[in-house]
There are 2 protein chains.
Amino acid sequence: MLLRKNPTYLGLKLPDMPLPDPSEFIPHLAFDSVVFGFSKGKLKILLMEYHATGWLALPGGFVRKDEALEDAVKRGLFERTGLREVYLEQFHTFGSLERAQPKFMKTILQANGHQVEDDYWMLDRFFSIGYYALLDYEKVSLTPDALSDSIAWYEVEKLPELIFDHDEIVQKALQTLRENLDRKVIGGNLLPERFTMNELQSVYEAILGEKLRRTSFQRKLLSLDILERHEKLFTGKSHKAPYLYSFKD
Amino acid sequence: MLLRKNPTYLGLKLPDMPLPDPSEFIPHLAFDSVVFGFSKGKLKILLMEYHATGWLALPGGFVRKDEALEDAVKRGLFERTGLREVYLEQFHTFGSLERAQPKFMKTILQANGHQVEDDYWMLDRFFSIGYYALLDYEKVSLTPDALSDSIAWYEVEKLPELIFDHDEIVQKALQTLRENLDRKVIGGNLLPERFTMNELQSVYEAILGEKLRRTSFQRKLLSLDILERHEKLFTGKSHKAPYLYSFKD
DNA sequence: TTATTATTGTCTCCTTATGTAACAATAGAA
DNA sequence: TTCTATTGTTACATAAGGAGACAATAATAA
C-alpha cells in the first residue's frame with residue numbers, strides 16, 4: 001500500500017481524485033521539469049512512475065488559465081519536492097506532431113480507473129515547455145502525484161527509457177545546463193549553503209561529464225571573486241582539512 | 001491605395017479576408033519571429049505596422065492543429081519574406097499573465113473592420129514561442145499580411161516602441177543571439193554566399209554592439225578552419241583588394 | 001613524541017590564446 | 001612614379017589555462 005501525504009492530481013488537490021476540469025486549464029499546453037540533484041558524486045534527475053504501467057516520465061503539469069507559466073512550474077515543483085525557492089530556467093518548447101501519443105495517455109488514465117472518450121482533452125496534442133531546476137538533494141521531500149506510484153532520483157548517466165519524447169527533453173536540458181555552466185555560476189545551486197572546493201568541482205565534473213584539473217579549477221573559481229571562505233571542515237580523515245566556502249551575496 | 005501581391009491573413013489565404021476559423025488553430029498559442037538582417041553596417045529586424053493604429057509588432061502567427069511548431073514559423077517567415085531556407089532558432093516562450101491585452105487586440109481587429117465579441121478567441125490569453133531568424137537582407141521580398149499596412153526593416157539600435165511585450169521579446173532574442181555567436185558560427189547567415197573578412201567582422205560588431213580588433217578577428221576566424229578563400233574583390237577603391245570568403249560545406 | 005599517509009592550498013613553469021602594434025603588399029588616384 | 005587607404009601577415013607583450021611540484025596539515029601508526 002502506498003503512502004501519500006499530499007494527494008494531488010496534476011496540481012489539483014482532490015480527495016476522490018476525479019479527472020481535472022478541462023475548463024480550468026489552458027488546452028494543448030503543458031510543462032515538463034527536469035529536476036537536477038547531486039548526491040554521492042552523481043548527477044540525478046527526478047522521474048515519476050505511472051500506476052500499473054511502470055512507465056517513467058518527467059514530472060510535469062498543466063497551466064491554469066489564470067496562472068503565469070512560471071508560477072505553474074513552481075507550483076508543480078513545490079508539490080513534488082516541497083521546495084519553493086529553486087533555481088529554475090526555461091530551456092526549450094517542444095511542439096512536434098509526433099509527441100502526441102493518445103494511446104499511451106489513454107492507457108495511463110485507464111490504469112488509474114478512468115475511462116475517457118477519444119476526444120478527451122488530455123489525449124489531445126500538447127505543446128510542452130521545458131524547464132530545468134537545480135536544487136539541494138538533501139532538502140527535498142518527495143511526494144508522488146495521483147497518477148504515479150513513485151517519484152524518485154535516477155542517475156543521469158544511467159537513465160532508463162522514458163515515455164513520449166522525454167528522453168529528448170532530458171538531453172536538451174542537459175545540453176543547455178552545460179552551455180550555461182561556464183556563463184553563469186549555477187553549480188552551487190546543487191549544493192548546500194556551505195561546501196568544499198572538492199564538492200563544487202565534483203558538481204562541475206558530473207554536469208560536464210569530464211574530469212577537471214584540481215589546481216586549475218581552484219585557481220579559476222577563486223579568481224572570480226564570488227566565493228567566501230569560511231572555517232575548515234574536519235572530517236576525521238587523516239589529512240589536511242579543506243576550507244568551507246559559500247557563494248557571496 | 002495599398003498594393004498586396006499575396007494577401008494573407010495570419011497564414012490563411014482568403015480573398016475576402018474574413019477572420020480565421022478558430023477550429024483550425026491551436027488556441028492560446030502563438031509564435032513571434034525576430035527576423036534579423038544586415039545592411040549598410042547595421043543590424044535590423046522586421047516589423048509590421050497594423051492598419052490605422054500605426055502600432056508596430058513582430059511578425060508572428062498561429063499554429064495549425066495539424067502543423068508542427070517549427071513548420072508554422074517557417075510558413076509565416078516564407079509568407080513575409082519569400083524565403084524558405086533560413087537559419088532559425090527558438091529562444092524563449094513567453095507566458096506571463098500581463099501579455100494578454102484584449103483591448104489592444106480588439107482595436108486592431110476593429111481597425112480592420114471586424115467587430116468581435118469579448119470572448120472571441122484572438123482576444124484570449126496567448127503563450128508566444130519566440131524564434132529568431134538570420135537571413136540575407138538582399139534576398140527578401142517583403143509582403144505585409146492582411147492586418148498590416150507594411151512590413152519593413154528597422155535598425156535594432158533605434159527601435160520604436162512596440163506593441164504588447166514585443167520589446168522584451170526582441171531584447172531576449174538579441175541576448176540569445178549574442179550568447180550563441182561565439183558558440184556557433186552563425187554570423188555568416190546574415191551575409192551573401194561570398195563576403196569579405198571586413199563584412200563578416202561588421203556583422204559581428206553589429207550583433208555584439210562593440211568594435212573588434214581587425215587582426216585578432218581575422219586570425220581567430222582563419223584559425224577555426226571554417227572559411228574557404230576565393231578570388232579577390234576589386235571594388236574600384238584605391239587600395240589593396242580583399243579576398244572573398246565563404247563558409248565551408 | 002615522531003613518522004606516515006592522504007589531501008589541500010599555493011606556486012612555478014610551460015603552452016596557448018589574445019591584445020597591440022608594426023610592416024610589407026597592392027589597387028587605384030594623383 | 002608617387003601617394004593613399006586598406007589588407008594580409010608577422011612579431012612581441014600580456015593573459016589564461018594545462019601540468020606538475022611542493023609545503024602544510026589532520027589524523028593514524030609506530
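Lettering of chains follows the sequences in order, A, B, ..., and the numbering in each one begins at 1.
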Please write out the pairs of protein N or O atoms and N or O atoms of nucleotides 3-6 of chain D separated by less than 3.5 Å, giving the distance to one decimal.
unit_1: dT4(D); atom_1: O2; unit_2: S238(B); atom_2: O; d: 3.0

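- Residues W55(B) and E161(B) form no side-chain contact, since every pair of their non-hydrogen atoms from C-beta on lies 4.5 Å or further apart.
- In the 5' to 3' direction, nucleotides of DNA chain C lying under 4.0 Å from heavy atoms of chain B begin and end at dT18(C) to dA29(C).
- Within the 4.0 angstrom heavy-atom criterion, base atoms lie near T215(A).
- The separation between F217(B) atom CZ and dT9(D) atom P is 15 Å, rounded to whole Å.
- The minimum heavy-atom distance linking L88(A) with V73(A) is given by the pair CD2-CG1, 3.9 Å.
- R229(B) forms a cation-pi arrangement with Y243(B), by the criterion of a distance under 6.0 Å to the ring centre and an angle within 45° of the ring axis.
- H51(B) and S148(B) form no side-chain donor-acceptor contact under 3.5 Å, judged by distance and modelled atom types alone.
- Summarising the geometry, the separation between CG on L200(B) and P on dT7(D) is reported as 13 Å, rounded to the nearest angstrom.
- The residues K184(A) and E89(A) are annotated as salt-bridged, a charged nitrogen and a carboxylate oxygen being separated by less than 4.0 angstrom.
- A ring-ring contact (aromatic ring centres under 6.0 Å, His included) check over residues 177-217 of chain A, counting only residues at least two apart or in different chains, returns the pairs F195(A)-F247(A), Y204(A)-F217(A).
- The shortest distance between the side-chain N/O atoms of S216(A) and the OP1/OP2 oxygens of dG17(D) is not below 4.0 Å.
- To the nearest angstrom, P of dT7(D) lies 10 Å from CG of L233(B).
- Side chain of E199(B) to main chain of T196(B): a donor-acceptor pair is present (N/O by atom type, distance under 3.5 Å, no hydrogens or angles).
- Of all the heavy atoms in R99(A) and S128(A), the pair that sits closest is NH2-CB, 3.5 Å.
- In this structure a side-chain-to-backbone donor-acceptor pair under 3.5 Å is missing from H92(A) to G130(A).
- In this structure, the NZ atom of K211(A) is 17 Å from the C1' atom of dG18(D), given to the nearest Å.
- In this entry the distance linking CG of L227(B) with P of dG8(D) reads 12 Å, nearest Å.
- Counting to the nearest Å, the C1' atom of dA26(D) and the NZ atom of K232(A) are 8 Å from each other.
- The residue among R219(B) and R214(B) whose nearest nucleotide of DNA chain C is located toward the 5' end is R219(B).
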